[in-house]
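Notes for the one structure printed next.
Throughout, protein chains are lettered first and strands after them, A, B, ... in sequence-line order, and every chain is numbered starting at 1.
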2 protein chains.
Amino acid sequence: MVNKEEYRRRIILTASKIFSHYGFRKTTMDEISRALKKGKSSIYYYFSSKEEIFEAVVLHEANQLRARLTTAIKEVDSPPEKLRNYIYVRMKEFAKLSNYYNAVFDKNLDHYEFIEKIRARYDREELAILRLLVYVGNNRGVFDVEDSEYTAMAIQTMLKGMEVPLFWRKREVDINQRLEAILSLIFNGILRK
Amino acid sequence: MVNKEEYRRRIILTASKIFSHYGFRKTTMDEISRALKKGKSSIYYYFSSKEEIFEAVVLHEANQLRARLTTAIKEVDSPPEKLRNYIYVRMKEFAKLSNYYNAVFDKNLDHYEFIEKIRARYDREELAILRLLVYVGNNRGVFDVEDSEYTAMAIQTMLKGMEVPLFWRKREVDINQRLEAILSLIFNGILRK
DNA sequence: TTAAGATGGAACAAACAGGTCGGAAATTCG
DNA sequence: CGAATTTCCGACCTGTTTGTTCCATCTTAA
């Protein structure tokens with residue numbers, strides 16, 4: 001193998017699929033190595049533990065999510081549309097990136113420090129984006145809020161509410177309607193009358 | 001619990017979902033009991049082993065499959081249409097009943113005796129149905145075959161070919177086209193010219 | 001040929017998972 | 001109500017699994 005980084009990437013992609021199907025706990029190093037057609041111990045040349053692989057996988061998905069959210073925001077110009085795109089894409093992607101999702105919600109993973117770090121980091125970044133969106137909208141006179149920071153936090157709280165598994169236990173159509181309702185709520189409480 | 005049978009059924013339904021997601025091996029008695037909100041040892045009051053639960057689950061799915069195939073055949077009258085319905089429904093249902101599917105194809109389950117029994121029984125029953133279909137069609141003068149038994153076996157062989165995982169690694173549309181092609185092949189080799 | 005980069009077989013300690021057992025709780029019945 | 005029977009479960013046992021380490025062995029490039 002000429003390029004070590006390249007092989008790490010391959011491990012991440014392969015492990016990602018297995019993790020997303022069986023979860024962290026039920027995925028064994030043996031499966032990962034078999035999927036890669038390598039000896040189990042060989043994996044340890046690239047990663048020092050199963051945890052470290054999972055960490056890389058989750059980070060990978062987090063990066064994907066970030067990238068897609070960024071483009072979603074850039075696609076449109078007006079702050080309300082940016083916000084709408086952000087929320088929409090965030091919801092759709094969250095459902096797809098199952099490892100990241102599990103990392104954030106699986107109570108059995110609570111004690112892993114790196115999970116906490118990723119959770120915290122994502123929270124911080126998201127808040128920054130929302131704050132900026134609100135702030136810009138406010139400056140342009142489209143929004144009308146007292147404090148960008150706290151408004152952003154309020155929106156984030158609402159987004160977190162959409163993350164909990166119960167929210168998804170509904171039909172697809174219903175989900176879209178609920179999304180529209182949520183957006184409408186945010187906007188009507190935010191838009192200048 | 002007034003009715004022991006009723007509770008067994010509930011265990012089967014719950015275990016079925018977990019088995020279908022994680023497979024026989026990765027599903028633990030602990031999970032099953034947790035999903036049922038019962039103590040692990042309580043399950044052993046209803047089933048004497050994990051294997052026995054899986055056996056019941058697979059049998060349950062096999063019965064479902066049989067029931068649907070039966071109605072599918074009864075829905076139409078002419079032998080060619082019966083055959084067409086049979087094959088069509090069999091394909092669609094097979095994809096859904098994942099425990100049954102795994103029981104039939106997972107090489108890791110090869111050494112379980114009850115799996116062998118279920119496989120053998122299903123084979124026998126299917127052959128009987130096909131034989132009858134061919135026989136009746138022949139009698140009515142719609143089909144034209146020498147030996148119903150061997151023709152039925154030939155058709156069954158073809159159906160088995162559609163079961164192997166590779167067959168499904170295609171897009172839905174493609175699947176339908178292939179199905180049509182298979183049907184057309186069977187009929188054109190079978191129908192009186 | 002040698003040294004550094006990769007690989008995988010074998011071994012191991014710790015965790016896990018299927019199953020048992022004795023008896024507690026709940027329910028039924030007289 | 002109380003005894004009998006059904007249902008449930010916590011604690012435990014035991015063989016297996018699994019993450020990880022070690023080290024001998026290949027492979028590659030200089």
Side-chain angles (χ1 to χ4, degrees), chain A residues 1-19 21-58 99 102-103 106-115, chain B residues 1-19 21-58 99 102-103 106-115:
Chain A
M1 206 55 47
V2 203
N3 191 347
K4 201 166 171 177
E5 259 325 298
E6 167 58 27
Y7 206 79
R8 279 176 59 99
R9 201 177 340 252
R10 224 199 292 177
I11 292 177
I12 291 172
L13 292 183
T14 302
S16 172
K17 288 178 203 152
I18 310 180
F19 278 135
H21 189 110
Y22 294 112
F24 177 71
R25 191 130 183 288
K26 289 192 182 222
T27 298
T28 72
M29 291 298 278
D30 207 68
E31 284 175 299
I32 296 176
S33 63
R34 248 184 294 132
L36 288 159
K37 295 190 202 326
K38 284 281 156 63
K40 187 169 54 157
S41 28
S42 300
I43 311 292
Y44 286 86
Y45 182 71
Y46 300 94
F47 290 92
S48 69
S49 69
K50 182 179 164 186
E51 253 185 68
E52 203 181 290
I53 298 179
F54 188 62
E55 183 173 352
V57 164
V58 172
N99 290 306
N102 286 333
D106 193 336
K107 290 288 173 204
N108 294 327
L109 295 173
D110 267 351
H111 44 284
Y112 289 110
E113 200 197 357
F114 73 89
I115 296 285
Chain B
M1 206 54 48
V2 204
N3 193 346
K4 201 164 171 178
E5 260 322 302
E6 167 58 27
Y7 206 80
R8 279 175 61 99
R9 198 175 340 233
R10 223 196 295 173
I11 293 178
I12 291 171
L13 292 182
T14 302
S16 172
K17 289 179 201 150
I18 310 180
F19 278 135
H21 190 122
Y22 295 113
F24 177 70
R25 193 126 182 291
K26 288 195 183 220
T27 297
T28 71
M29 291 298 278
D30 209 66
E31 283 175 300
I32 296 176
S33 63
R34 250 183 293 132
L36 287 159
K37 296 186 202 324
K38 284 281 157 65
K40 184 173 59 160
S41 21
S42 302
I43 311 294
Y44 286 88
Y45 180 69
Y46 299 95
F47 290 93
S48 69
S49 70
K50 182 180 164 185
E51 255 186 67
E52 204 181 289
I53 298 179
F54 189 62
E55 184 173 351
V57 164
V58 172
N99 289 306
N102 286 333
D106 192 337
K107 290 286 175 206
N108 294 327
L109 295 173
D110 267 351
H111 42 284
Y112 289 109
E113 199 197 356
F114 73 91
I115 296 284

Exercise. Between the side chain of Lys50(A) and the main-chain N/O of Thr27(A), is any donor-acceptor distance below 3.5 Å?
Worked result: yes
If I take atom [atom1] in residue [X] and atom [atom2] in nucleotide [N], what distance separates them, rounded to the nearest angstrom?
X	N	atom1	atom2	result
Glu31(A)	dT17(D)	CD	P	13 Å
Arg8(A)	dA6(C)	CZ	C1'	15 Å
Glu51(B)	dG18(C)	CD	P	12 Å
Phe54(B)	dG18(C)	CZ	C1'	16 Å
Glu5(B)	dT7(D)	CD	C1'	16 Å
Tyr46(B)	dC8(D)	OH	C1'	8 Å
Ile53(A)	dG19(D)	CD1	C1'	11 Å
Lys4(B)	dT7(D)	NZ	C1'	9 Å

Below 4.0 angstrom from OP1 or OP2 of [N], is there any side-chain N or O of [X]?
X	N	answer
Tyr45(A)	dG8(C)	no
Tyr44(A)	dG8(C)	no
Ser41(B)	dC8(D)	no

Please tabulate the protein-to-nucleotide N/O contacts below 3.5 Å involving nucleotides 14-17 of chain C, giving atom names and distances.
from, atom 1, to, atom 2, distance (Å)
dC16(C), OP1, Arg25(A), NH2, 2.8

Exercise. So what does Ser49(B) touch, heavy atoms closer than 4.0 Å: a base, only the sugar-phosphate, or nothing?
Worked result: sugar-phosphate
For this session: If the plane angle is over 60° it's perpendicular, under 30° parallel, otherwise tilted; pick one for Phe54(B) and Phe19(B).
Result: perpendicular
Problem set entry | Residue list, salt bridge (charged side-chain N to carboxylate O under 4.0 Å, His left out) with Glu55(B), at least two apart or on another chain | none
Exercise. Of all residues at least two apart in sequence or in a different chain, which pass the side-chain contact (heavy atoms from CB on, under 4.5 Å) check with Tyr45(A)?
Worked result: Lys4(A)
